[in-house]
Amino acid sequence: MDNIDTELLRTLPKAELHLHLEGTLEPELMFTLAERNGISLPYDSVEALRNAYDFGNLQDFLNLYYQGAAVLQTEQDFYDLTLAYLERCAQDGVVHVEPFFDPQTHTARAITMATQFRGILRALADGKERWGISSCLILSFLRHLSEEDAVVTLQQALPWREHFVAVGLDSSEKGNPPEKFQRVFDQVRALGLKTVAHAGEEGPPDYIVQALDLLKVVRIDHGVRCAEDPALVQRLIDQQIPLTVCPLSNTRLKVFSDMSEHNIMQLLDRGMRVTINSDDPAYFGGYLLDNYCAVRDALGMTKAQAVQLARNSLISSFLDNDSLSLHLARLDQLAQVH
Ligand code: ADE
Ligand code: ZN
C-alpha cells in the first residue's frame, strides 16, 4: 500500500495530547524574551543554542529545558509562547490541543500562578478565535520534586480550578515512580479533575502499571516501554488506554536509536490506542505534522493508518461530545473521498 502524502496528512483533523508549552520555546523567542527581561543567556547566538540541542538522554534535555524556561517572566511572555505554538498548530491542521504547563518551574522563580494562567489562557482564547483551535489545559507536577511540593502547587492552582481539566506528571522519570504521588493524585481526583502521567518513556513498564492502578490515569504519556511486558501490552489493548507517543522526542532522547527502530506502528497494528504528538517541538526538531511525516518516512504509513492515528487522537481527548462528533464526521468524510 502507498504511503499517505503530506498534504492529506495536513488536512486530517488532529488533536495534540502531549505537548509541553515550555517545550515550544524556540531559540529565537528565547533570545527575544531574554533581551526583553534583561536576562543574559550562556550562548552567543541562536545557532549556538540550537547546536547545544544534542541530548544523550532525558536528563540532558531537561537541564536545558529548565534553563531556557527561565526567560519566561511576565504574563505577556506566557501569552507570546502559547500563541506562537497555536499558530504552528493551525499550519499543521491541528483542531484541538491539550497542552501541559509546569507551574513549579515558574513559581520556584517567584513567577505567580496568576501570571502563568493569565498569559496562557488569554492566548488559548485568542487561538480559538483566530484559528478555531479548541483547548483543554493540563497542569503538570514535576516528579523530581517532593509530593509535598505538588500538594502546595495544587493549592495555589485552586482559584483557577475551572480553567484546567486534568493534572499530569512529568520530568525525570527514573527513580521517581508514580507511587511517590499517590496521595496528591487522590486529592486531584477528589476535585473532579482527570489524571494523566508520563510513564514508560525511560522508566520500566511497572511505572505504567503504577500510573494506571495508583494514580488512576486515563492516558499514559509516552508508554512505549510497555512492549517489554506482554501482559501489560494485552491490558492496554483490552482497556483501550490511550498512549500519547512522541516519535521525534523518543529518537532525540535516545529512547530509540533511530526512527526505523520505533515501535509505534507495531503497537497501532496490534490494536493499541496510540497517538502521535510532539512533546517539546522547539527542542526535538518538529511540530505535530513533522512527527507524522517522520514516522511515515521511516516506517511507512498508509492512509488508513493515518486516519486511525488521527481518530485515536480525537477520541482520546477531553473534547465534549458535540465537538468530537463534528471532527469525526469531517475525518470520515476525508477518509472516503481521497
Ligand atoms: N518535560 C518536558 N518534556 C518531557 C519529557 N519528554 N519527559 C518528561 N518530562 C518532560
Ligand atoms: Zn512529555
Side-chain angles (χ1 to χ4, degrees), residues 15-26 30 53-70 72 78 81-82 85 97-106 108 116 120 136-145 149-150 153 166-178 180-181 195-204 207-208 210-211 215 217-226 242-256 262 264 274-288 290-291 294 313 316-317:
E16 172 137 81
L17 308 180
H18 184 156
L19 179 284
H20 303 264
L21 286 173
E22 294 88 348
T24 69
L25 181 56
E26 290 288 345
M30 196 189 296
Y53 293 173
D54 181 18
F55 314 114
N57 56 33
L58 175 59
Q59 194 60 50
D60 275 0
F61 154 69
L62 289 171
N63 294 340
L64 282 192
Y65 165 85
Y66 295 128
Q67 182 186 73
L72 296 163
F78 285 90
L81 177 76
T82 306
Y85 163 61
V97 296
E98 301 194 347
F100 298 115
F101 75 118
D102 292 337
Q104 289 153 297
T105 301
H106 314 297
Q116 302 173 46
I120 293 169
C136 294
L137 188 59
I138 305 177
L139 182 156
S140 197
F141 295 140
L142 298 179
R143 71 201 304 157
H144 68 273
L145 301 178
D149 206 297
T153 302
V167 168
L169 186 65
D170 62 13
S171 192
S172 320
E173 187 182 8
K174 284 190 204 160
N176 295 297
K180 176 177 162 186
F181 295 92
T195 59
V196 298
H198 285 52
E201 177 186 18
E202 282 192 345
Y207 284 18
I208 300 174
Q210 286 185 27
L215 308 187
V217 299
V218 295
R219 299 197 297 244
I220 295 287
D221 295 314
H222 293 297
V224 290
R225 285 195 60 193
C226 70
L243 255 51
T244 64
V245 178
C246 306
L248 284 172
S249 165
N250 292 156
T251 51
R252 288 298 184 101
L253 300 186
K254 312 289 191 289
V255 172
F256 294 96
H262 204 292
I264 183 167
V274 293
T275 63
I276 290 185
N277 306 273
S278 70
D279 206 7
D280 302 285
Y283 291 89
F284 300 147
Y287 286 79
L288 190 63
D290 301 313
N291 274 272
S313 76
S316 304
S317 75

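When a ligand or atom number is given, it counts from 1 through the structure's own listing order.
Under the 6.0 Å cut-off for aromatic ring centres, H144 and Y66 qualify, their centroids lying closer than that. Not less than 6.0 angstrom separates the ring centroid of F101 from the ring centroid of H106. With ring centers used as reference points, Y207 lies 6.0 Å or more from H222.
The closest donor-acceptor contact from the side chain of E202 to the backbone of E173 lies at 3.5 Å or more, if one exists at all.
Note on H20: its N/O/S atom closest to the Zn ion (ligand 2) is NE2. The minimum distance between the Zn ion (ligand 2) and any N, O or S atom of D279 involves atom OD1.
Across all non-hydrogen atoms, the minimal contact from I276 to N291 is CG2-CB, 3.6 Å.
S140 and D170 share a side-chain donor-acceptor pair at under 3.5 Å.
Between Y53 and Y283, the ring-plane angle classifies as tilted under the 30° and 60° cut-offs.
When heavy-atom distances to ligand 1 are checked against 4.0 Å, the residues falling inside are H20, L58, F61, L62, Y65, D170, S171, H198, E201, H222, D279, D280, ordered by chain and number.
Here H18 reaches the Zn ion (ligand 2): one of its N/O/S atoms is less than 2.8 Å from the metal.
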